[in-house]
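See structure below.
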Amino acid sequence: MTLNEIIETTMKEAIIFILSHLRYEFKEADTHNSVIFYGEINNDLIEAIAHYLVGIRACAIDAALNIRADLIGDTDEDKIELYADICSIVGENNNALTMDQIQDERNPWLSEGIFHLFMNISTRLTNIHPPGLIIALDLPHVSAKDKGLDLMALYLFGDNLGISIIETKAYKDDPNKAINKAVNYFKEIEQGKHAPRIRQSIQTMRTSLPPSFQKLVSSSLWKKNRSYIPNPHYDASVPMNWSNRRPSLNDLSVGKTRIIIMPHIINNFDTFFNSISENMRDFARGL
Amino acid sequence: MFDEYVKNLINLLPDLPKLDHNTCRRALSKAYFYIISSSINVDQDNMIYQELEEIKSTLRSMVDALESVAVFDRLNGLNISPEVENACAFVAGESLSLLTKLPHSSEELLLIHDPLFIETNYIVIESALLYMIGDYDINAVSVVKHLSIPSIDIEDRSITGALRANSTYLLKRLVALCSGDVREVEGSVPFTGTKKVPTRYEYLIYEIRIRFYEKIANAVDFYIKWLGGVDERGIGKAIQYLQRARDATRASGYEADTIFADIYHLCSLLLVVIDRTSVRSVVHRVPQPTIGDEAILKSFPIYLKERARGNKDSVGRPFLWPSALEFVVDCLPGPNKDVVISMPTGSGKSFIAELSIAHALSRGWVLYLAPTNALAHQIRRDLKKALRAFKDVDILTFVGGEEYTTLSEEQIEQNGKHYVAVMTPEKCSLAMRLYKDYFTTCVLCIFDECHLLNDHRRGTTADIIIAQLITYSPNIRFVLMSAMISNSNDLSEWLRVAHDGQCVPKPLKWRPSRTIRGFIFLNKEDYNVEFQKAKDSLIALPARRVNINFDIPLALIVGLSGPWTLDGPPDYCVTSLPLEYTAKASRNRDGSVNSKFEGWKNTSSRILSELFARTGLPVINFILTSRHHAFSCANKVQGEFPGCIGEEGSFPPIVDAWLSIADAELGVNTLLRELLRRGIAVHTSSMLQPEQAASEWMFSNGKALLMFATGTLAQGLNLPAIAVVIAGTSMGDPRDTDSIDGVSRVNAMILNGFGRAGRPGFSNQGIAVLVSDKPYAAPISEQLNPTGVLAKFGVLAEPDATVEVHSPIEKFIDNIITDQLDTQTATIPELALTSLLAEIDEESGNILGRTLAAYHKRHLFTPHIKDQIQIQISTIKETFLKQPDVPHWMNKAAMKAGVDLFRAWRIWSAYEQRGLVSIEGGVSYSVIDWLDVFFQVMSLLPPKRVLPYLADDGTKTQTILKSLRDRVVMQREVDDIPWDMPEDWLILWQELKRLVLLYMQGESYAVIAQNYLGVSIEQINNKRSKGDNHIPTVFGFLRKIVEQLAIDAGCFLAIQELAVYGEENTSLIPEQLQSLPLCIKNGCNSIEVLSWYRFAFRQRICAHNLEKAFPVPKNLASDADRANWVRNMRLIWLFSDYDIKENPLLNYARIIILNGGYF
């Protein structure tokens, strides 16, 4: 098997595994809806997630190399050392990164990757994305330091297209801060900031849609069919009731049914991210 | 805010739920009104702010959805018509550009090593490109104008440094494209990618970006080269590069990968830009002329390339605007048909004229009719610059106007050369009377501001000229142009019928800017409260106190759909203004109190204009009532405006030069200098041309943000502002008003003013506010119904072009057909026309039959009637000539001089009485000797013929004109020679001559005023606010007396020519006599001074100084010799080290000639 085939197979296996182990719960509140992810973390699950994350990174690198080759008309198969790249995100070992790097770069990237996984799964587990069926999903950021949209997805509901904008935050002890930051970000979007990025991304993503969906795009843009998905990752020790009203969400124009908080509640937050990192290194080293 | 063209565009928008066309228009207008309101500091609590977020949200949705339709739907397989795409692109571009001006949260500098990636930068480029797709490339220019681009550091060779450099380079090239700047640049994209793949994924992405930017920048450069005519295959390469780059973004293998979404987006936009703008490429779309002079045909492609590229000093014109494109497609090569173009101000008329000229030149010469001499000279300068690729083509203008002269250099050339002759209709009429054969080779007539046909005074001349050109010029084509005519179809049908059946109307509605129309009013509730308070206070005061002031807040209502509609409050926005008008509560004799609003229109329009200017918006305050009010309003402005040079600053050299020449001409410091220092410009007919030029320069270049102007500004000059305020809804006393020739309705004047708002290349939108003659009061309310305003001021609902052109000859035709033409009651133009028609005898019926007037009377104009007219004109002539003492050449003299028969006859009688100057006697006469003779003749004229000179001069002192009038007040109908003249009549005429002589000797206006008004030189001041101030009095004297004397001097010349020399001896007429009319009109006392004036620099005071510094040899044999001598000496003066310390005025003249486009 080629490297790409190995990665593809492993990702598929990871998704199937995670599908069978993912636990979530849907809750309604006055100001929003919630889909809460939780569950027993075990080594197999961590390994599956790590494989997916390495896979998605490998996909991104492969995609970039393909673009470069196409651009320069070169058919040489250039490579980037995947292991080194994974280490550039998660460090060569769990002690290699400073606390700041862990908090500001590693964990956010891993959180984005994990949520990419959840959104990816949503095509088969439709309930976890209540606004509609996801039909196109962006790749995560190159680096967690990158500003701008964390993740974007196009979804279908009835005869309409919608856009989900996902803002991921990993604050171990402070999910409220994560929500507040995400809400501020969504407000910025409503004030027109990031509009060019959203326009650019939608027009790029629509190229992957079948012809029958194309006529829906422009009118959906006019109608502002948009959902906001704040996605806090935090430690299970922090008590949170996601059914409570969150007044700050009232400031967003899209309405309750299109604000879906998707918390990822993690038992042993640090251990979880360290384990994922460890597993990613192991998997990348073995490729 | 929208003209008909844009309304049609908006009507083409696709059906989107809840996006009806009204919503779209109103959102755009409200956004602009918000921007204006916020810039003039309207109170933030005002009602217009309440909707702001909603408006912004609507605009954003319009951008997202309409850009998607305009650019991406087709790309993804949907079938969208190009018209719909254009409409969507324009509205998306407009929405986006307005959004960029609305307040938003500060931008985080994302990826500062990549300036193109910064959202605010990208949005600017995006909106500019959308404008270009929507056919509004000129709007793209103003959008990118203020984009700040960092410098490129090619020393930083790190990957982020290389990314920054390439991104900056691409940004620069995009700005060049959006600015229409297709001049070649030195250098190339700074960096290519690395040979090896970077080891880090993040750097790999950077490296790919570096490559993308390189590819796109190269594509832009290829397209720019193609547009400039440098690389014929450039467009193909550009498309190939962009498609390749765009395809590469989709080559990742991961379908929804958006990492290079910006590249995909930009490439897609650029590909559509190329698709749409390439069809409007000047170099590639304008066809080559097909027949004619080889050298000109060869030069044509060079001309197109030069025009597209521009030069080192200015950007060229690579794209045809939609109006020009339509003309090119329908009328070129050729022009192959006549065309009547009705298009808004600033939408590219001049370029259409230029393209027509460039095409026609290969076949012969071109006549360009301009409404004023000043404009003719401006057109000459512009054409000279534009047509310089045609090496042997001259652009001619003439000093003379309607006054008769036979100087050879005032004649149209007939040497087989190809040239453009720019002149007024009056000058053309003279040339046609004298040298009609020259017109057989005229192949094109451009008639700029052709609504002049409608003028009761000048329309006769204009209508006859066109009819004569149709008759005398077998290969001629006509391009008639105006921004104001509403009946272009009618005019077109006239030309089709009268000429050769090939004429199309072109009512081109495209306009490069949008204007919001507003109306200023008093807040009624506040008025009631404040008036009551003032009234109570006044009643409480002693009865001797008559007035008490009180302040009333002002408010503004604007229509959101262009011309105002009857769609009610939703189509309007109302806001209070941070302005108050001070009214008076005034006690009447019976003790009652009422309110008074003195100077309402000028005061409120001034304070509103000041408000605009103080916040940085260039504004023109049009004064309709009196040319002198422009200065009086300017004088009332306190303080200075942003961008002005201030008390300590220096004027730019060219402005300083203009003002210094004005100082010398006036003999007192021009008042304008102090005003311009504070950023206030003035533009009226009661100003010197150097003063007007200084005002124009300062306003155009942002050094004066506030201009007070009269109708002179509307006469062809294109000096658009962002804001326009019209003071008043009626015209003033015609003697004091600067109106637009051919425009009699005040509404047309107002609409012309409205059309000046918006400044293509600087601002894509503008605001025009009307101030009524008397205040209008209404409560400030969101629900204010504008019906009341509209009922009183219907002009707010009128479209821009409303002048229905009719020729004044219509009445003449009625009279002649009904046999009622009475030479005793006919108007002067009618009499002059009769003389002309009588002289062209056998063609008179034909020519009259080809006039616009005849077209409008076509139901009467049968072939039989043509014959009848011919007979009747001949009869009038014969009857006239049969009278005792009327020489046989009398009609010819009148015709040549363009004066009425009776006037010419009386001048002849007076000359006979004085005694003729023989051929021998006149040989040694100087210009001044001839002036003596001429004044002796004039002094013998009977009162009826001199009364036009003696109309009220508006002064309070006893002037020479008043004295002359007083002497003959009881004899005003006397028309005999000799007549019983008052004792001191001849002395008074000598006095008048002395004044005229002062002017001709180059004395300043102050000296003339001193002598005219009988005051000492120390008493002369530089005030300009009233017609009877010293300096304005001289302007009036020159306009009413000197210009008329020059015409009569022309008649005197024609009489001398025919009576003394005979037509066979015209070569013997002394040039001193030939130059008399021009010397009088232009203030020259010798043929030598006049030569400097005509051939070196058309400023009276400078011509006198030049003659002092470089005396023209007296022994030069002819006008042509003097022209050559002066032109050669001018070069020496301009470019040698000639010491002019003795005469600083000449240094100023030199600065203007070399830097003002006069060389």
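In what follows, chains are A, B, ... by sequence order, proteins preceding strands, each numbered from 1.
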Which atoms of [X] approach chain A - backbone, side chain, both or neither, heavy atom under 4.5 Å:
X	answer
B:E202	both
B:F212	both
B:L96	side chain
B:L78	side chain
B:L204	side chain
B:Y201	both
B:K215	side chain

Whether the [X] and [Y] side chains hold a donor-acceptor pair (N or O, under 3.5 Å, no angle test) is what I'd like checked.
X	Y	answer
B:D73	A:S218	yes
A:S88	B:R200	no
B:S68	A:R206	yes

For [X] versus [Y], what's the shortest heavy-atom pair and its separation?
X	Y	answer
A:Q214	B:N76	OE1-CB, 3.1 Å
A:P196	B:I123	CG-CG1, 3.5 Å
A:T207	B:Y264	CG2-OH, 3.0 Å
B:E255	A:S208	CB-CB, 3.5 Å

Report which part of [X] has an atom under 4.5 Å of a heavy atom belonging to chain B: side chain, backbone, both, or neither.
X	result
A:K215	both
A:A84	neither
A:A153	neither

Would you call [X]-[Y] a salt bridge at under 4.0 Å N-O?
X	Y	answer
B:R60	A:E190	no
B:E207	A:R68	yes
A:R199	B:D262	no

Among the options [options], pick out the one with the most heavy-atom pairs lying under 4.5 Å from chain B.
options	value
A:T204, A:L209, A:L221	A:T204
A:V217, A:N66, A:I198	A:N66
A:C59, A:A195, A:A60, A:S253	A:A60
A:S219, A:S201, A:A136	A:S201
A:I202, A:I61, A:D85	A:I61

Do [X] and [Y] come close enough that some side-chain heavy atom pair is under 4.5 Å?
X	Y	value
A:W222	B:D64	no
A:I72	B:R211	yes
A:L65	B:V197	yes

Q. Which is it for A:K223 and B:S61 under the side chain to side chain donor-acceptor pair (under 3.5 Å) test, yes or no, and what are the steps along the way?
A. CA-CA 7 Å; A:K223 286 186 272 188; B:S61 297; over 6 Å; no

Heavy-atom pair count under 4.5 Å with chain A, highest-scoring of [options]:
options	value
B:T249, B:V63, B:L75	B:V63
B:P198, B:S268, B:A65, B:A256	B:A256
B:L19, B:T199, B:L59	B:L19

Q: Answer yes or no: does atom OH of B:Y254 have more than 12 heavy-atom neighbours from other residues, nucleotides or ligands under 6.0 Å?
A: yes

Q) Should we count CG of B:N11 as having more than 12 external heavy atoms under 6.0 Å? A)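 Yes.
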
Q. Is it true that the NZ or CZ of A:R197 lies under 6.0 Å from the centre of B:F117's six-membered ring and within 45 degrees of the ring axis?
A. yes

Q: Ignoring hydrogens and angles, tell me if any N or O in the side chain of B:E119 forms a donor-acceptor pair with the backbone of A:H194 under 3.5 Å.
A: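 Yes, because the side chain of B:E119 sits within donor-acceptor range (under 3.5 Å) of the backbone of A:H194.
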
**Q.** Pair B:T258-A:D138, side chain to side chain donor-acceptor pair (under 3.5 Å): steps then yes or no
**A.** CA-CA 6 Å; B:T258 61; A:D138 194 5; 2.6 Å; yes

